[in-house]
Amino acid sequence: MTPRDDHIDPVAPQREDRRDFLKTSAVAAASTLVLGPGARKAHAFAYEPYPTDDELETVVTSCAHNCGSRHMLVAHKKGDVIVRLSTDNGTYQGDEYGTDTEEKPQIRACLRGRSYRLRLYSPERLLYPMKRVGERGEGKFKRIGWEQALSEIAERMVHLKQTYGPTALVDQSYAGASYGVLHKSDQIEGLLGRFLGMFGCRTSSWSVPSYQGTTFSSRMTFGTIEDGNEDDAFAHSKLIIMWGWNPAYTFHGGNTFYYMRMAKQRGCKFVLVDPQYTDSAAAYDAWWIPIRPNTDAAMLAGMAYHIWDKDLHDQDFIDRFVQGMDKGTMPDWAGGQESFRDYIFGETDGTPKTPEWAAEICGVKADDIRKLAEMYATTKPAALKASWAPGRNAYGEQYNRMAAAVQAMTGNIGVLGGCAEGVGKAWHAEAVAYPYDQYSNVWFASIKSDRWAHIVLNYPNVKREEAGLWPRGDALDGVIPNIRGIFWQGSDWLNQLTNINKEIEAIRKLDSYGEGESLLVCMDSTITPTGIWADYLLPIATHFERHDVALPWYKGHYYIHRPKVIEPMGESKSDFQVFTELAYRLGFGPQYNPKAGRDYFNNPDAVDEAYLVDWWHRVQDHQGVDWDWETFKKRGVYKFILPRPHVAFRDQIENGTPFQTPSGKIEIFSTTLAQITDWTKTQYGYPIPAIPKWVEPWESLISEKTAEFPFHMVSPHPRWRTHSIFHNIPWLRETYSQETTMNASDAARLGIRNGDIVECWNDRGKVVTPVYVTERCMPGVVVLHEGAWMDLDENGVDRAGNPDFLTLDEPSPAGAFAYNTVLCNVKKSDLGHRPGWDQLATARSHVFRRDL
Ligand SMILES: Nc1nc2c(c(=O)[nH]1)N[C@H]1C(S)=C(S)[C@@H](COP(=O)(O)OP(=O)(O)OC[C@H]3O[C@@H](n4cnc5c(=O)[nH]c(N)nc54)[C@H](O)[C@@H]3O)O[C@H]1N2
Ligand SMILES: Nc1nc2c(c(=O)[nH]1)N[C@H]1C(S)=C(S)[C@@H](COP(=O)(O)OP(=O)(O)OC[C@H]3O[C@@H](n4cnc5c(=O)[nH]c(N)nc54)[C@H](O)[C@@H]3O)O[C@H]1N2
Ligand code: SF4
Ligand SMILES: [Mo]
């Protein structure tokens, strides 16, 4: 058989007329999958005729979403249909043969980006406004027009605001569409926040799932979250400690791997501190130190003890740049309070934090803790890259602060090849376009993001510290919001926040208020697990279908133009169009979108361009960009060439510029925290020590709860998805599958073999997946990647394997989501696993072949 005969590409259009294709594509794709190859003869567009580049139009654009990087995608289109995607090959800058150099690398897309055509034209693509006709969560919707959708939503918003006050609607916008200049979804700068704020009814969600513990640490320690180097700085390290960091899977920059390979070639040594042996460790031949999850702060404390004990610390650096590392660097006003060294040597609590003390907690041998401490303190420069996952835990903030203390005591901050990173934002993009600088982030209550369900379920008997209410200092201060509605924009938060069963219970409570007394709106370009629970689904144009400029994620120094590559599919509109039109209906259209008129809903292009041109002028003024807007549009990507690798805090260390903390120093002893007296009146709710300390998490492998739930589950980010995005892409599910990773000795004890179906459960929920049995995961730990699209059976068991059925919604005091603080049990199961809603679209045979 030649490909021409049997290849069926459910994505490729089969007719010339795109509009017809759009209407029929979902149905065609679905029937293709059900009937299978051969059942219906398809004309294999992708192979015959196979259009060559000269027959196609080539458009440079970028990939999108909250995925760890930002890469160039090149769309090759015929008419209004993208038939091929490629990526940067170095030629788009005008270099005919292409360049890829250390100072100007290509920004090549990963497997997700290259599969994007399948997301764009997926059967789950949302093409029309929809209204729920069944029960919430049942997934029954009917198609309605924009007019009906927007007038009903506006009417309900007014009713809820008037009846339940200015905090009735929760903003659950998140980073699905961040990192664009104009079309933004996020909690601070996003379109939804501005919209609800101007409307006068908004409860904001202040804690960031990714790294709230880490953010807190960075702010307290350095006074900023811009504590990162650009990736090329890694090429200069002699030792890189990947602490809970797996850049082979979980992107943290676009070219991290390229520069780490350069470091390797120049003799750098690598260490991995992680409960699982990762592909990053394999690629760099790292020394793997398996550690019990959530015990990192204890291990770092043991390292600090040994570094002092052997006199390997950098006292000169400490004296010049650090507050509170030892007695000599404590501020005068803090008389009698404990310094970090006092804590480490047990001067107050009588427990010296020796490597032996740490070993009991973290399960790493004391000798290994000593060996790593010596390696780190004597190899210069050394990068201790303390990633976010170990901080996505109960008291996760203490881990990041402890890592910062160890970075500071060895003088590895502000030097090329060192690393101060907590959050690790590096080079500063000119992020927002007018009008965001006006009226953004206005809120009437702000809660810890994963407390909304707790508030709904317990209202009004909720203490302000349980809700994590941010102080306001006015009449609304401490007032618990009477939540009556949620807007999801650029988030799949029902699927991604903690303790999904509790969220479902909260939605049931909203149901009980009766028809019209609550409102759930989901704005997305695909039907998502969250959308299934909404009352209204609003179809949003993807970044291929609107005009914008793409910004790098936390690393990278470039801008990528994002033209409107194709017309919006179906009846989809951009978020900005939808909010502008709603704002007109609610009476503040011109303020919301000052450059637009009422016709923006149908003609957005000139207005969008005008905002982007304003922004580009700002870039030209502030960042010395020498191209004009038209040149940028023509070339597609502007890559900055930095005079030297960007290293955070170089200026502070080389020139004595003060840090942005109250004392102007690196604050291991925090001025801010030391001065708080009533914690219940702060957004934290509960006390946080002024210096980093090991605090035992609510559940871990050292807690008594292991008698019932002996496994610690961690849920890292998948290589083949961006959280939940791309879960519905069959190509990607052929590369990896959603499976529970487990150590071979645990599996043997439980009679579990590779490929068996297992259930993982605890007192919060239960999920079903195949199991991957390996030596690459330490005993007692199971790994299950976040982001699978939940798929409940009639007993509420998740057949897809979404770990957030097991996570706990209790936030750490500094706001860290405790995604990786989970005990559970595991057993072989007869329950069914479903890899995707279109479950036939997997090639992982072990799911079907049970007798391995
Ligand atoms: N167990 C566990 N759970 C986790 C984590 C974990 O480590 N473990 N990690 C957490 C972390 S760090 C994060 S960041 C969250 C991510 O949580 P989410 O942000 O909810 O995850 P995404 O799947 O990226 O969802 C983004 C949604 O935005 C939509 N979208 C994309 N572009 C646009 C647009 O332009 N407009 C609109 N309206 N929608 C758009 C996408 O289709 C997608 O449905 O997950 C968290 N969940
Ligand atoms: N491919 C891909 N890349 C992404 C994303 C994605 O969804 N897909 N999401 C992006 C986003 S929004 C974020 S927030 C970042 C997240 O970036 P990270 O937080 O760095 O990533 P994770 O994948 O959650 O975890 C990294 C490693 O930490 C380990 N780990 C988990 N718990 C612990 C612990 O308690 N101690 C130690 N020592 N190790 C632990 C895991 O086993 C894993 O190997 O990734 C970004 N990059
Ligand atoms: S890392 Fe992100 S931006 Fe880059 S190609 Fe992959 S999904 Fe797209
Ligand atoms: Mo994240």
Side-chain angles (χ1 to χ4, degrees), residues 62-73 87 107-114 116 119 172-177 180 183-185 191-192 208-211 214 242-247 249-252 254 272-276 278 280 289 291-296 299 387-393 396 399 488-498 522-526 528-531 538 540-543 546 550 553 574-575 578 700 712-727 777 781 783-787 802-804 806-807 817 819-822:
S62 95
C63 190
H65 314 307
N66 184 24
C67 62
S69 192
R70 190 70 53 242
H71 292 110
M72 188 197 282
L73 284 179
T87 190
I107 35 184
R108 292 191 294 267
C110 80
L111 76 175
R112 294 165 285 165
R114 291 170 198 232
Y116 210 104
R119 179 169 191 274
Q172 289 203 353
S173 174
Y174 199 57
H183 301 280
K184 275 177 190 295
S185 66
L191 288 161
L192 175 63
V208 175
S210 315
Y211 52 47
T214 312
M242 300 180 284
W243 203 297
W245 190 46
N246 180 17
Y249 261 48
T250 311
F251 276 61
H252 263 248
L272 170 74
V273 184
D274 198 306
Q276 58 166 340
T278 60
S280 306
I289 304 178
I291 183 169
R292 287 186 190 127
N294 295 206
T295 63
D296 305 273
M299 174 158 167
S387 197
W388 306 340
R392 222 176 283 120
N393 281 325
Y399 142 77
W488 291 294
Q489 181 235 353
S491 89
D492 191 5
W493 265 14
L494 197 67
N495 199 66
Q496 295 299 120
L497 293 185
T498 47
C522 184
M523 302 170 62
D524 210 302
S525 40
T526 47
T528 61
T530 299
L538 304 181
I540 302 301
T542 69
H543 64 282
R546 62 187 192 219
W553 205 67
S574 73
D575 296 289
V578 176
S700 71
H712 194 127
M713 174 182 281
V714 294
S715 46
H717 293 212
R719 186 176 186 184
W720 63 104
R721 282 192 300 259
T722 297
H723 314 289
S724 68
I725 303 177
F726 303 113
H727 179 78
C777 173
V781 173
V783 181
L784 181 62
H785 288 90
E786 54 113 35
N802 181 330
D804 282 310
L806 274 58
T807 50
F817 285 59
Y819 285 119
N820 287 318
T821 304
V822 174

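Remember, predicted model here, so these are calculated numbers, not experimental data. Numbering of ligands and ligand atoms starts at 1, following listing order. As a basis for the values below, the full set of heavy atoms in this structure was taken, side chains included, without hydrogen atoms, waters or symmetry mates.
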>> Quick test: of every protein heavy atom, which one is nearest to atom 26 (C) of ligand 2, and how far off is it to 0.1 Å?
In response: Gly244 O, 3.2 Å
> Nearest heavy-atom pair of Gly254 and His71: which atoms, and what distance?
Replying inline: CA-NE2, 3.4 Å
>> For atom 34 (C) of ligand 1, what's the nearest protein heavy-atom neighbour? Residue, atom name and distance, please.
In response: Ala177 CB, 3.4 Å
> Tell me, which protein residue and heavy-atom name are nearest atom 19 (O) of ligand 1, and how many Å apart are they?
Replying inline: Tyr174 CD2, 3.2 Å
>> Just to confirm my output: which protein heavy-atom neighbour is closest to atom 4 (C) of ligand 2, and how far is it?
In response: Cys67 O, 3.1 Å
> Any idea which of Phe251, Tyr399, Tyr249, Trp388 brings a heavy atom closest to atom 1 (N) of ligand 2?
Replying inline: Tyr249
>> Considering both backbone and side-chain atoms of Pro803, is one of its nitrogen or oxygen atoms within less than 3.5 Å of a nitrogen or oxygen in ligand 1?
In response: no
>> Ser724 versus ligand 1: do any nitrogen or oxygen atoms come within less than 3.5 Å of each other?
In response: yes
> How does Arg70 reach ligand 3, by side chain, by backbone, by both or by neither, if only non-hydrogen atoms under 4.0 Å count?
Replying inline: both
> How close do Ser62 and Arg70 get, heavy atom to heavy atom, and via which atoms?
Replying inline: OG-CD, 4.0 Å
> Identify the closest protein heavy atom to atom 5 (S) of ligand 3: which residue and atom is it, and at what distance?
Replying inline: Cys110 N, 3.1 Å
>> Quick check on contacts: which atoms of ligand 1 are under 4.0 angstrom from a heavy atom of Gln489?
In response: 38 (N)
> Which atoms of ligand 2 sit under 4.0 Å from any heavy atom of Val273?
Replying inline: 38 (N)
> By atom name, which N, O or S atom belonging to His71 lies closest to atom 4 (Fe) of ligand 3?
Replying inline: ND1
> For ligand 2, which atoms have a heavy atom of His252 less than 4.0 angstrom away?
Replying inline: 15 (C), 16 (C), 17 (O), 18 (P), 20 (O)
>> Within ligand 1, which atoms have a heavy atom of Arg546 less than 4.0 Å away?
In response: 34 (C), 35 (O)
> In the protein, which heavy atom is nearest to atom 8 (Fe) of ligand 3, and how far is it?
Replying inline: Cys63 SG, 2.3 Å
>> Could you go through Phe817 and Leu497, starting from their C-alpha distance and side-chain angles, then the distance that decides it, and tell me whether this counts as side chain to side chain contact (heavy atoms under 4.5 Å, CB included)?
In response: CA-CA 9 Å; Phe817 285 59; Leu497 293 185; 3.7 Å; yes
> At the 4.0 Å heavy-atom cut-off, does Tyr211 count as touching ligand 2?
Replying inline: no
> What atoms of ligand 2 come closer than 4.0 angstrom to any heavy atom of Ser387?
Replying inline: 18 (P), 20 (O)
> So which heavy atom on Val822 is nearest to which on Leu806, and how close?
Replying inline: CG1-O, 3.7 Å
>> Just to be sure I read this right, does ligand 1 sit under 4.0 Å from the backbone of His727, its side chain, both, or neither, counting only heavy atoms?
In response: neither
> Between Arg119 and Thr542, what is the shortest heavy-atom contact and its length?
Replying inline: NH1-CG2, 4.4 Å
>> What I want to know is whether Thr807 and ligand 1 share at least one N or O pair that is separated by under 3.5 angstrom.
In response: no
>> I need the atoms of ligand 1 closer than 4.0 Å to a non-hydrogen atom of Ser210, numbered in the order shown.
In response: 12 (S), 14 (S)
> For atom 36 (N) of ligand 1, what's the nearest protein heavy atom and its distance?
Replying inline: Asp575 OD2, 2.8 Å
> Counting from 1, what ligand 2 atoms have a heavy atom of Pro275 closer than 4.0 Å?
Replying inline: 37 (C), 39 (N), 40 (C)
> What atoms in ligand 2 come closer than 4.0 Å to a heavy atom of Asn294?
Replying inline: 34 (C), 35 (O)
> Quick one: does ligand 1 sit under 4.0 Å from the side chain of His717, the backbone, both or neither, non-hydrogen atoms only?
Replying inline: side chain
>> Can a side-chain donor-acceptor contact be found between Asp492 and Thr530 if the only test is distance below 3.5 angstrom?
In response: yes
> If you count the atoms of ligand 2 from 1 in the order shown, which ones are under 4.0 Å from a heavy atom of Pro718?
Replying inline: 1 (N), 2 (C), 8 (N)
> Hey, would you say the His65 and Tyr116 ring centroids sit under 6.0 Å apart?
Replying inline: yes
> Should Pro390 be counted as touching ligand 2, given the test is an N or O pair under 3.5 Å?
Replying inline: no
>> Tell me the nearest of Val714, Thr821, Ile289, Ile725 to atom 32 (N) of ligand 2, using heavy-atom distances.
In response: Val714
>> Is there a polar contact, in the sense of an N or O pair closer than 3.5 Å, between Ser715 and ligand 2?
In response: no
> For ligand 2, which atoms have a heavy atom of Trp243 less than 4.0 angstrom away?
Replying inline: 38 (N)
> Which of the atoms of ligand 2 are close to Asn66, meaning less than 4.0 Å from one of its heavy atoms?
Replying inline: 9 (N), 10 (C), 12 (S)
> Which is closest to atom 31 (C) of ligand 2 in terms of heavy atoms, Ala389, Cys777, Pro716?
Replying inline: Ala389
> What are the atoms of ligand 3, with element, lying closer than 4.0 Å to any heavy atom of Ser69?
Replying inline: 1 (S), 3 (S)
>> Any heavy atom of Arg292 closer to ligand 2 than 4.0 angstrom?
In response: no
> Looking only at heavy atoms, what is the nearest atom pair of His723 and Asn66, with distance?
Replying inline: NE2-O, 3.0 Å
> Hey, is the main chain of Ser715 close enough, under 3.5 Å, to the side chain of Asn820 for a donor-acceptor pair?
Replying inline: yes
> Relative to the heavy atoms of Cys67, which atoms of ligand 3 are at a distance of less than 4.0 Å?
Replying inline: 1 (S), 2 (Fe), 3 (S), 7 (S)
> So which of Leu111, Thr295, Asp296, Asp274 gets nearest to atom 38 (N) of ligand 2, if we judge by its closest heavy atom?
Replying inline: Asp296
>> I need the nearest protein heavy-atom contact for atom 3 (N) of ligand 1: residue, atom name and distance, please.
In response: Asp804 OD2, 2.7 Å
> Taking the minimum heavy-atom distance to atom 43 (C) of ligand 1, which of Val822, Thr722, Asp524 ranks first?
Replying inline: Asp524
> Is the shortest distance from a heavy atom of Arg112 to ligand 2 less than 4.0 Å?
Replying inline: yes
>> Please list the nearest protein heavy atom to atom 24 (O) of ligand 1 with its residue and the distance rounded to 0.1 Å.
In response: His723 CD2, 3.3 Å
>> Regarding ligand 2, does Arg392 bring an N or O atom to under 3.5 Å of one of the ligand's N or O atoms?
In response: yes
> If you measure only the distance, is there a donor-acceptor pair under 3.5 Å linking the side chains of Trp245 and Asp274?
Replying inline: no
>> Students should be able to answer this: which protein heavy-atom is nearest to atom 40 (C) of ligand 1, and at what distance?
In response: Gly490 CA, 3.7 Å
> Relative to the heavy atoms of Ala109, which atoms of ligand 3 are at a distance of less than 4.0 Å?
Replying inline: 5 (S)
> Side chain or backbone of His785 under 4.0 Å from ligand 1, or both, or neither, by non-hydrogen atoms?
Replying inline: neither
>> Just to be sure I read this right, does ligand 1 sit under 4.0 Å from the backbone of Tyr819, its side chain, both, or neither, counting only heavy atoms?
In response: side chain
